[in-house]
A.B. asks: 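Below are the structure tokens for one structure; questions will follow.
All ligand and atom numbering here is 1-based and tracks the order in the structure. We count residues from 1, following the sequence as given. Computed over heavy atoms, backbone and side chain alike; hydrogens, waters and symmetry mates excluded.
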Amino acid sequence: MQIITPDYYNDFKCIADRCRHSCCIGWEIDIDDVTLEKYLGLKGDFASTIKSNIEFCDTPHFKLGADERCPFLNKNGLCDIITNLGEDMLCQICSDHPRFRNFYDDFTEIGLGLTCEAAAEIVLTKKDKTNFNLPPEALELPIIKLRENLFAVLQDRDFSIDERVDNLLTLIGAKLPDNVDWYSVFDGLEKLDNAWDTYLSRIKDGIDSPAANNSLDTAYEQLLVYLIFRHFTDCRYDEKLTERVLFAALIYKTLKTMNRSNTIKELLEIARLYSGEIEYSDENINTLLYMLSAHQD
Ligand code: SF4
């Protein structure tokens, strides 16, 4: 099976106790069958601690503690399972995070998700154009060739980032609908973090923010390339090719409008929240794709 990854993929390392928004807080941590079997086979005091913190049900998971903390996230911000047993004893979901995987018949794509602050920093502060390690066979696939064209438009630094997004939409012959109240659409989606509401209130007047200076053009380029890499190829399943490109443009304009200070620091925070709120919910993504589909001429 061919694996496709962005060139920054191996740069990721969890920053553990230095992480301000640990993924070990606020998320249900499901335990896969293989790891559950390993836990059940353990002996000793720590094995008992693990077993007593598992909620045995259809989808076994750890019982979250106060403030929805994973019971193994200690007060120093480190994972007791790693310190006691090693990384090999983490369940699949913990080993994978913040990586995402998109599976297709002929290849699998793996990337770093923006919901992790360390990953977001790698992706959005990268100065060089992002490349992907494409096996020669992948380059023969029409969907990959088309996506390479989309990347080329987004990475054409002779143009401002707004011009590049316009060029992208011209290439696919579509435009973002201007008769949708995107604030109400986003506000109606399932939400996780109150901080997202603060940023949502910034799009009440629309998502066509006046052009700021271009100091963040490279960061927004990386955001758009990430969005196309992560979401576009699924049009193989749902045939929403146009909508998935529009989705990238919509998220770009939304996050840019939210970033009133026009700083990378605020963009990193907004991107982290966006990813957690939208990208981990198929329902939320499908609602946005539906809105983009329903409002095309
Ligand atoms: S969010 Fe990222 S950096 Fe923070 S604890 Fe999780 S994997 Fe590590």
Side-chain angles (χ1 to χ4, degrees), residues 3 5-32 34-35 39 49-50 53-54 59 61-102 108-126 130 190-196 198-199 219 222-223 225-227 229-231 251 255 258 264-281 284-285:
I3 304 285
T5 53
D7 54 8
Y8 52 71
Y9 179 70
N10 290 321
D11 295 344
F12 176 73
K13 187 155 178 35
C14 172
I15 55 174
D17 53 330
R18 289 181 291 119
C19 181
R20 288 166 297 129
H21 304 282
S22 173
C23 55
C24 312
I25 301 172
W27 299 79
E28 183 174 292
I29 301 163
D30 296 337
I31 306 167
D32 55 287
V34 173
T35 309
Y39 290 159
T49 307
I50 289 189
N53 276 292
I54 294 175
T59 310
H61 54 269
F62 290 128
K63 298 172 186 167
L64 296 185
D67 300 329
E68 299 197 308
R69 288 173 72 92
C70 171
F72 298 102
L73 177 65
N74 65 34
K75 60 182 181 350
N76 298 320
L78 299 172
C79 171
D80 281 339
I81 292 182
I82 295 180
T83 48
N84 279 277
L85 303 171
E87 287 196 22
D88 290 351
M89 290 302 282
L90 288 177
C91 42
Q92 190 67 42
I93 204 169
C94 297
S95 300
D96 272 358
H97 190 82
R99 298 164 190 86
F100 62 85
R101 287 180 163 76
N102 290 334
T108 297
E109 301 200 308
I110 315 178
L112 302 178
L114 298 180
T115 192
C116 160
E117 63 189 57
E121 187 158 349
I122 289 170
V123 177
L124 299 181
T125 65
K126 188 174 190 287
T130 293
E190 179 192 6
K191 284 189 251 173
L192 295 172
D193 191 327
N194 291 338
W196 182 237
T198 307
Y199 288 110
Q222 303 294 5
L223 172 71
V225 169
Y226 162 90
L227 290 166
F229 175 65
R230 182 163 187 168
H231 299 291
I251 298 302
L255 271 54
M258 289 175 169
I264 187 69
K265 185 175 174 206
E266 190 159 41
L267 178 60
L268 288 169
E269 175 63 0
I270 295 167
R272 181 188 71 76
L273 285 164
Y274 143 74
S275 181
E277 296 288 333
I278 308 293
E279 293 188 320
Y280 287 81
S281 164
N284 286 352
I285 292 208

A.B. asks: When you compare the side chain of Cys91 with that of Phe62, does any pair of heavy atoms fall below 4.5 Å?
C.D. replies: yes

A.B. asks: Enumerate the salt bridge (charged side-chain N to carboxylate O under 4.0 Å, His left out) contacts for residues 109-121, please, sequence neighbours excluded, ordered by first and then second residue.
C.D. replies: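 Listed by first then second residue: Arg20-Glu117, Glu109-Arg147.
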
A.B. asks: Would you mind telling me which of Ile251, Leu227, Thr115 makes a side-chain contact (heavy atoms from CB on, under 4.5 Å) with Glu279?
C.D. replies: Leu227

A.B. asks: For atom 6 (Fe) of ligand 1, report each protein N, O or S atom nearer than 2.8 Å, sorted by chain and then by residue number.
C.D. replies: Cys23 SG

A.B. asks: Quick check: are there more than 12 heavy atoms from other residues, nucleotides or ligands sitting under 6.0 Å from CZ of Arg18?
C.D. replies: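 At most 12 heavy atoms, drawn from other residues, nucleotides or ligands, come within 6.0 Å of this atom.
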
A.B. asks: Do the side chains of Lys126 and Asp11 get close enough for a salt bridge, i.e. N-O under 4.0 angstrom?
C.D. replies: no

A.B. asks: Between Asp80 and Asn74, does any side-chain donor sit less than 3.5 Å from a side-chain acceptor?
C.D. replies: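 Note: Asp80 and Asn74 side chains meet the donor-acceptor criterion.
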
